[in-house]
Every structure is written in C-alpha cells, then in structure tokens.
Amino acid sequence: MRYLPHTESDIARMLRVIGAESIDSLFEAIPEPLRHQGALDLPPALSEGELLRLMGELGAKNRPPSSSHLVFTGGGVYPHHIPAAVDALSLRGEFSTAYTPYQPELSQGTLMGIFEFQTMVCELFGTEFANASMYDGASATAEAVLMARRLTRRRHAILAHTLHPEYRQTCETYVAGLDTADDESLQGCPATPSGQIDLEALEAALSDEVACVVVQTPNFFGVLEDLRPAAQLAHDAGALLVAVVNEPLALALLEAPAAMGADIVVGDGTGLCTQPTLGAPGVGLFGTSGKKALRAMPGRLAGETVDGQGRPGYVLTLSTREQHIRRDKATSNICTNHGLYALRFAIHLALLGREGFVQLAQLNLAKATYAREELKAKGFSLLFPDASHFNEFAVRVPSGDACEVLARTEKAGVTCGIPLARFYPEHQDGLLIALNEMHRREDIDRLVHTLATEGGQP
Amino acid sequence: MSKAPTKVTQGLLHCERPIFAASVPGRSGASLPTLDVPEPAADAWPAALRRASTPHLPEVSEPQVVRHYTRLSQWNFSIDTGMYPLGSCTMKHNPRVADVAVGMGEFARLHPYQPESQLQGALQLLWELEQMLAAVGGFSRVSLQPAAGAHGELAGLMMIRAYHTDRGQTRRRVLIPDSAHGTNPASCTLNGFEAVQLETSADGTLSPDTVRAALDDEVAAIMITNPNTLGIFEKHVAEIAEMVRGAGGLIYMDGANLNAIMGRFRPGDVGVDAMHYNLHKTFGTPHGGGGPGAGPVGVSERLVPFLPVPTVNRSKEGFTLDYGRPKSVGRLRSFFGNFGVLLRAYVYMRELGAPGLARVTDLAVLNANYVRARIRDFVHVPHPDMCMHEVVANDQNLRSTGATTMDVAKRLIDHGFHPPTVYFPLVVHGAMMIEPTETETPDELDAFIEALRSVVEEAHKQPEQLKSAPHVTGIGRLDEARAARKPHLRYQPAGEDES
C-alpha cells in the first residue's frame, strides 16, 4: 500500500518499544464482543491505473456540456471560464493540504488569502465586513436568517417567493430546529407580474414579529430587483433586509446591495471559483456592517495585527463568537468552511481585476440579451416581459410543457435550460435559460433554432 | 498598520503585501473572448440600478498573481511540507490521484440541474460511496448532503428531534461528555436542545453510572465521541447505548476519530443511531486550509425515514434523486452535497479496499502508541495505558519552568514540525493532543519525539528560548489581543487607514 510506509521489521521494532505482542493487542481496549469480525464488505482494492480507468468508465456514463452538447442551465450555479492559474495555484499542496490556520506563524499564506477574500467580498457587497466563507449560498442564507433573529430578538422571517427554492427549503430546515420556531416562523412574499417582490404584500406581511426580509437579486427568475423599497419597508417595521446574490458577477454592473439598504448580504461564488462539479463544493459568501452585527456574524474571520517586532501579520480573530470557545452559546456551529474555494475566488478576481470583472459582466449581459431578442423574434414570449435581466431569463414554450420540450431538445444536443415546473408548478410552460461568456454566437443561434423547432405550437 | 511594513525579503523569506498594494490602474490579468453578438442597447440595464462605483479589485497581471500566491503558499506549513500531528484532525497524506479524478471534465463540467439521465455516472458514484460508508460504519443508510462534520452533526440531531416528534414526544436534553468537541453543544443549540455536560471518569472514559444519573424521559440523545478526545476507547459504549435506548433516547456518535477503528469496530453494530464521517479526516481528502470538507451522516434503521433530501436511489431504470420523503428533516444546503470532496473519498476507498482501510487503522494506532511509549519519559501522559489513534499529554512537567504548553508548541515550529492540538480537550490542563496518523514513517516519529524532548529539556534550562519562539519563521508570535480589540478585517489603501 503506497501510502503506508511501515515494513514488517519497523512494525516489530515499534511493538517492542510499546511492549505489545502484536498489532491485535493494541486494540484490547475494545471489548471482545464489540469487535468487528472478518473483513469489511467493500469492493477490491485497485492500483492507480485501474482506478483511473474505472473513473473514466464512470465518467463516460455522464453527459457533460461540450461543443456537441450545449447546456444552458443556471439556477444558482453560473458556469464561467476558470483560468488555468486558478487551478495551478490552488492545487499547490501548501494551500490544499494545510489545516485551518490555528498556528498563525505557520499559516500566513492561508490567512492573507482569507484577508484578501474578505476584502473582495466587501467590495462586491458594499458591506463593511465579510467572513472567511460559508458552505454555500443556501446555508449562508439560513445563517443570515438566524443572525437577524439574534440581532432583532424577533422570530419571524419573510422570504421572497423569487428566492432560490432550495435556499427557502434550507431556511425551513434550519429554523424548524429552534425552540422558538412556530408556524409563522417563515412566511412567503409573492412576486408581481413583472417578476419582482410585491411591495404591497410585503408591507401587509410585516409586523413587529418580523426579524428580516430576504430578497434575492438577480432573483431566481434572473430578474433584477431594486432592493431600496423593500429595505425601506423592512426598516420602517424594525426588520433587517437580507440580500442574496448567487451570481456575484452581476455586481460589476448592479448597485452594491448594502448601498441599496441591505443589512446582511449573503451569496454564492461557485461559478466564479470552480467548474460546476455537480454544484459543489463552491463558496458561500457572507457580509454585514456595523460593530454589533459583526459580533453576531457566524463563521471565521482573519484580521491584521503585528508581531513583537511590529511586523504586520494575520490571525483568526473575534473567535469568542465561535463554537470552540462559546460552545452552546456560539453564533453558529460552523468551523470547517470552504477556505480553499474562497482562495480560488480571490485568485480569479485578482486575475480579472477591476476592469476585467466589468468586461466579463458585459459579455454575459450581451449574450443573454442577444438570446432573448432572438427568441422574441422567433415568437417566444418571456415569462416577465417588463423585467430587466443580467445573464438569465425565463421564456414560455408555446407547447405549454417545458419538461417535454427539454426532453426533445436534449436529443438534439441542446439542454436548453431548467423547466420551472421543477420548483414552480404554476409555471408549467416556463423554461429558465442562463448564458455565459463561453457561449458563442453560433451556440446561441443553435439554442434558438432548436427551441423554435422543438418548442411546439400550442 | 498596512502602510508601514517593516519586513523585507531575505532569501526565501518573502516580504509580500496584500495583492491590492500592487494594483496599478489599467493593468489586467484577464483573458476574455471577443464580443461576437451585438452590444446590448443602452437601456438594457436600468439606470436606477447601475452601480455607482465599480468594485475595487486589484489591477495586476497574471505573472504578478502567480508570483504573489506562490509566495503566499511558501508561508504555509502543510502535510506536504512535514509532519502535522494535530490531534483530532487526522492530518494524513492526501493522494494526488484524487486531484486528477476530480479534474476530469466528465465530472468537473457537470451542472447540477442537468437532467438526471445525463448524470448517471455521478449518481452511481454517490450511490456506491453511500454503500461503502455504510459498510465501514455499520449503518442502514448514509446521507451525503452535509458539507462538513459540524453540518453532519446538525443533520444527525435534526433527525433525532424529528424521530421524537414523530412519536409525539418533546425531549429537550442531550447528554454530552465534557471532553467533546465544541461543535457538539453548538449543534444542540441550533436544534433547540439543551446540552447537559457529563463528567469523564478518572480512567478517561464515560462511566455508565454517570449516564444513569443523568437519564430521564427528557433526554433526547447522548452524543459520544469514540474513541474519545483523550484517545481512549469508550469501553462501556454498548452498555451506555442500551441504557439510553431503554430510557427512550437515541445515540449519536461523533465520527471525527473514525481513523482509529476502521475494520475493528462498527458503531452501528452496538446501537449507534447516527454518526457523521469527516471525509477530510479519515478518507484522505485535503483540508484546504479550512475546507471544503464533507460530513456524511450514517443512520440506523429507525432514523432512515428522517434522512435529509435528496437521497440517491437505484432502480432498474438507473440512478435517481429522491426528494419525496414525507418525514425527511428537509434540505440542508443546495444541490447534492460537496460532490468534488465525495468523489475524492470514493477514489481513496476504491484504492484501499477493505484490507487497506483496516491497515490504515492498525498503523495509525501503532504510530500513536509508539509516540506515547517514547514521550512518557519526558512529558506527563495522564492516561498512560494503551491509546488509540492519538495520545494526550499535559503540562505537569512544565509547571516549574515558567514555560507553557503554547510555548512548547511554538518552539516545536523551530524544529520543523507543526505543533499538536493544544489546550484541547478542555478536561486536561495544558493539553497537547498528538495524532501522528498512519502515513508517517517511524523515522519521522523519532525525529518528532527527539524534537519534543529537546524542547522540554530546554524549558528547564532556558525557558526564555521557548517564550520567544518561534525564531525561524518569517513572522514572530502575533498580537491576537490587538487583533480582537481593533478589528482590521479588510485591506485599506494607504491613506484611508482608519486605525
């Protein structure tokens, strides 16, 4: 076994030092009746060559996106090209095989990387602070709801109907466990015919029990939300506004959520730090402003300080909020987060730079706008014709059944989007389409042509 | 404080400032395609939502980025650099073949919302991984959803709560030994449970009498770490499990220390109802300087109905994601678990097989006992008998010297080793928790033992050498109190520094 260095004579010598007869005798602390007898029921061991062949065979059963198989799915993971330098640098063992930086003198690389990541998230969100990362956008949203409850000492939250359905479900799971949970803990808020949060319904739902209002932008339908009116209503009722951004590239063009009044901003940076890899691991983002909010924030934080000679350096700080110090009084139970993917996010954004980030966003906007105009020209109607979008939008298929249309376009080599019926039964004809800079004009033309051919007439 | 770096580069000790400091307007490391569609109309973006000021990202070239992060990497200690005996963290070698497998386009390019028919290889991998993990732990099923150990714990406790609720009971208390990880009580709070602390006995194990005294019909569960954080097998686990179950409670096991028992003991066999696995500890996936990990949770038959969604099922037609589980605790996160990490663990388990995993455990325990047997001459080991995968020393021999456990840890750095976990478990004064793992050679263990010996001897002769350590790192001990008092949590350009 190539990872295990011990020879038989090593083992014999070590057993003599220990004063044990055999390896079996090291396990005498496990009472005899509890010991497992026989071998574990696992498939046989493989050499590296055999293993890679097996992985190739398993991989061949997948149908990944390629030039001959165009895929236009988004829904929370927006694929972008990941530069080769991101992989090369993050795969360096000094980054990937280190533990959480408990000994700062041996971890300055990880810690400065986190510090840079925190700075970039603050820049994108417009918040004063950002933490060292969360698991993903869904769990970050749930943690934001819990944080708002702690800050306001109120128990309810209003979730926009246009918030990613899996994020809403995750909030339900997290909130259900609290001893203060009740049937009203989470309420929905419908969307207007233009696909944005319904402000009248929001105003009616707000009360002095509501800790926060959660709004995603661009929302699950790809619609840009102006957070200011919702923030105003929330603040007037003494509640916080939680903004969710799971396509942070949009923030190159979109006003910063904190500048629009969000008190807590969370998100997901998966598409900007890695190939999709079935959606995870990626990176969850979390930012907020104000000293009181900082102390209530979950997760780890890197901060700058100095050593005995006054040289600048970085440490994990404000850990009195965390589980290993506060135990049952901690702000969250999170410890291991997604540090390496936070680093990847930082490396990619450093490569793009201030201008490159905006240019990449403009490319995405242009591709999506082109696709939308071409579809309209072919007679497709948009689910929210009056709304503004970034790189994702929903169309209505003329046949009325988006699932069935997808099944047909798939055969033609075009996975044309996500049927909205998967999450919104009221939108059987809705198809959610996401574009990115890697889609060439001819790819988009093929999408439009295939949908026009296979979309069916009512 | 950013504006006055007093460090200068000396040889390989780089002076590197945050990458923002190198930013020059107009410079870029981006590689973007040419626009091949019409420019969107000016009103494609509503003026009211247009960003007032674009985010200040650094403006640097690719060579600058590569050099900066390469230099940062050289400031890090890692398992690739040297022995990293961080107790309870299982810092073992991370196989490189997993890097290749996870980078294969057939997996890396998969989007989670492609139709299931396009994901059959990935779903098969998840299904097989569940079977393998269930076989190692002795469980009926395993949820692959949790993103980390603490997330797995949260899921396990949610299922326990749902189980009691389903039976019409509201049980509020969870029993936790005082040696447990801090995540255990924190996860209880997130479930509305009250954590009740149990005292560890003098022999380092949990006594059935202690548990009996705390048991009543309010107890939802007991959380046991086995082997516990003292590196000792909880020999009464079966009796305790039976007793708790007799009182209507369930048994949760923290699987952080699974590396000590593979092939020797299966928690499911003695009635454990839920246990999380830390794939980034036991199954060789990299820790990444703080994640991502994965914390699958295995369950007994009685908790199967409450598993988080989705699960992966197999039928004649192929593999499917099952969301239709009426008693499920719900969804823990987006999509289907940390697939990239799960894939790495799958690769590790397929390479080792059953004899390989059992051998891992045998040698992990051998290495820990070898260290225990040899360090007893110069440090105090409060539980000197045979240990499992890790050994815990305390600071009793140091007290006369003025040097502390932290000083020993910092001085070990000068000898080229990552320090052990210090001041944990909390029940041992000045604890040093040493977990060598199976992938260290006996020679490396000898070198570590000699380094520890020389540090302890030095503590008696020249304690100031320890108190001022580390000496040969690029930076000395950092002022953590200052960091907390004046939080400086993001880069501020020179001149805008508020502190």
Side-chain angles (χ1 to χ4, degrees), chain A residues 5 14 18 29 39-42 45 55 58-59 61-64 73 89 92-94 96-100 105-106 108-110 119 123 135 138 166 169 173 177 179 275-281 303-305 307 313 317 323-324 327-328 330 333 336 338-340 351 353-354 356 369-370 441, chain B residues 28-30 36-37 40 55 57 59 69 72-73 75-80 101 106 108-113 118 120-121 135 147-148 150 182 185-187 189 191-192 195 233 286-293 330-331 334-335 338-340 353-354 370 373 441 473 475-476 478 483 488 490-491:
Chain A
M14 294 169 79
I18 296 168
L40 294 168
D41 183 16
L42 295 175
M55 295 307 286
L58 269 177
K61 296 180 184 177
N62 295 324
R63 214 174 142 212
T73 50
L89 291 167
R92 288 184 67 91
E94 300 94 323
S96 71
T97 78
Y99 202 77
T100 301
E105 300 88 345
L106 292 179
Q108 285 299 298
T110 293
T119 307
E123 283 292 328
Y135 306 136
E166 294 193 356
Q169 291 162 9
T173 308
D179 52 0
Q275 295 194 75
T277 322
L278 210 62
E304 191 178 295
T305 183
D307 73 357
T317 191
Q323 50 77 25
H324 62 284
R327 299 177 79 85
D328 57 330
N333 73 342
T336 287
H338 280 195
L340 192 67
L351 284 165
R354 193 177 185 188
T369 306
Y370 174 70
R441 182 178 189 143
Chain B
S28 174
D36 61 355
V37 296
L57 297 175
E59 303 192 76
Y69 289 103
L72 290 201
S73 78
W75 277 352
N76 263 10
F77 192 93
S78 66
I79 189 65
D80 283 4
E106 291 78 5
R109 289 201 302 273
L110 293 181
H111 190 281
Y113 288 147
Q118 298 181 8
Q120 286 298 299
S187 299
T189 303
N191 267 294
F233 190 85
H287 286 76
R331 173 177 278 289
S334 52
F335 316 122
N338 275 349
F339 180 73
Y370 180 77
T441 64
T473 45
I475 191 131
L478 288 153
H488 192 102
R490 58 154 295 169
Y491 179 78

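All chains are named by letter (A, B, ...) in the order of the sequence lines, taking the proteins before the strands, and each is independently numbered beginning at 1. Bear in mind that the values here come from a model prediction, so they are computed numbers and not experimental data.
Chain A forms the most heavy-atom pairs under 4.5 Å with one residue out of B:Gly293, B:Ala195, B:Ala101, B:Gly353, and that residue is B:Gly353. With chain B as the partner, the residue from A:Glu166, A:Arg63, A:Lys61 showing the most heavy-atom pairs under 4.5 Å is A:Glu166. The candidate with the highest count of non-hydrogen atom pairs below 4.5 Å against chain B, out of A:Ala29, A:Pro281, A:Ala39, is A:Pro281. Between chain B and the options A:Gly356, A:Pro276, A:Gly303, the largest number of non-hydrogen pairs under 4.5 Å is found for A:Pro276. By number of non-hydrogen pairs under 4.5 angstrom with chain A, the leading residue of B:Ala30, B:Gly29, B:Gly288 is B:Gly288. Comparing A:Ala330, A:Ala98, A:Ala45, A:Gly339 by how many heavy-atom pairs each has under 4.5 Å with chain B, the most go to A:Ala98. In terms of heavy-atom pairs under 4.5 Å with chain A, the best-connected choice from B:Leu72, B:Val37, B:Asn76 is B:Asn76. Counting heavy-atom pairs closer than 4.5 Å to chain A, the top-ranked of the candidates B:Pro55, B:Ser28, B:Gly330 is B:Pro55. Of the residues considered (B:Gly192, B:Ala135, B:Ala148, B:Gly289), B:Gly289 shows the highest number of contacts with chain A, using heavy-atom pairs under 4.5 Å. Put simply, of A:Leu42, A:Leu106, A:Thr173, the one with the most heavy-atom pairs under 4.5 Å next to chain B is A:Leu106. Contact count versus chain A (heavy atoms, under 4.5 Å) is highest, among B:Gln120, B:Gln118, B:Glu106, for B:Gln118.
A donor-acceptor contact shorter than 3.5 Å links the side chain of B:Thr189 to the backbone of A:Asp328. A distance-only check finds no donor-acceptor pair linking the side chain of A:Asn333 to the backbone of B:Ser187 [under 3.5 Å].
The contact between A:Leu278 and chain B is made by backbone and side chain atoms together, counting heavy-atom distances below 4.5 Å. Interface remark: A:Arg92 contributes side-chain atoms only to the contact with chain B (heavy atom separation under 4.5 Å). With a 4.5 Å cut-off on non-hydrogen atoms, A:Thr369 touches chain B through its side chain but not through its backbone. For A:Thr97, the parts lying under 4.5 angstrom from a heavy atom of chain B are both the backbone and the side chain. Both the backbone and the side chain of A:Tyr99 come within less than 4.5 Å of a heavy atom of chain B.
Inter-residue side-chain proximity for A:Leu340 and B:Pro292 is flagged as met; some heavy-atom pair is nearer than 4.5 Å.
Note that CG of A:Asn62 and CZ of B:Arg109 are 10.5 Å apart. Values are rounded to the nearest 0.5 Å. Between the OH atom of B:Tyr491 and the OG1 atom of A:Thr119 there is a distance of 9.5 Å, given to the nearest 0.5 Å.
By the side chain to side chain donor-acceptor pair (under 3.5 Å) test, B:Asp36 pairs with A:Lys367, sequence neighbours left out. B:Ser334 is linked by a side chain to side chain donor-acceptor pair (under 3.5 Å) to A:Asp136, counting only residues two or more places apart in sequence or in another chain.
For the residue pair B:Thr473 and A:Glu105, the shortest heavy atom distance occurs at CG2-O, 4.0 Å. The shortest non-hydrogen separation linking B:Leu478 to A:Gln108 is CD1-NE2, 3.4 Å. Between A:Gly279 and B:Phe335, the closest heavy-atom pair is O-CD1, 3.7 Å. The two atoms that bring A:Ser96 and B:Pro286 nearest to each other are O-CB, 3.1 Å, heavy atoms only. Of all non-hydrogen atoms in B:Phe339 and A:Thr277, the two that sit nearest each other are CB-O, 3.5 Å. Between B:Ala108 and A:Gln275, the shortest heavy-atom distance links the atoms O-CB, 3.3 Å.
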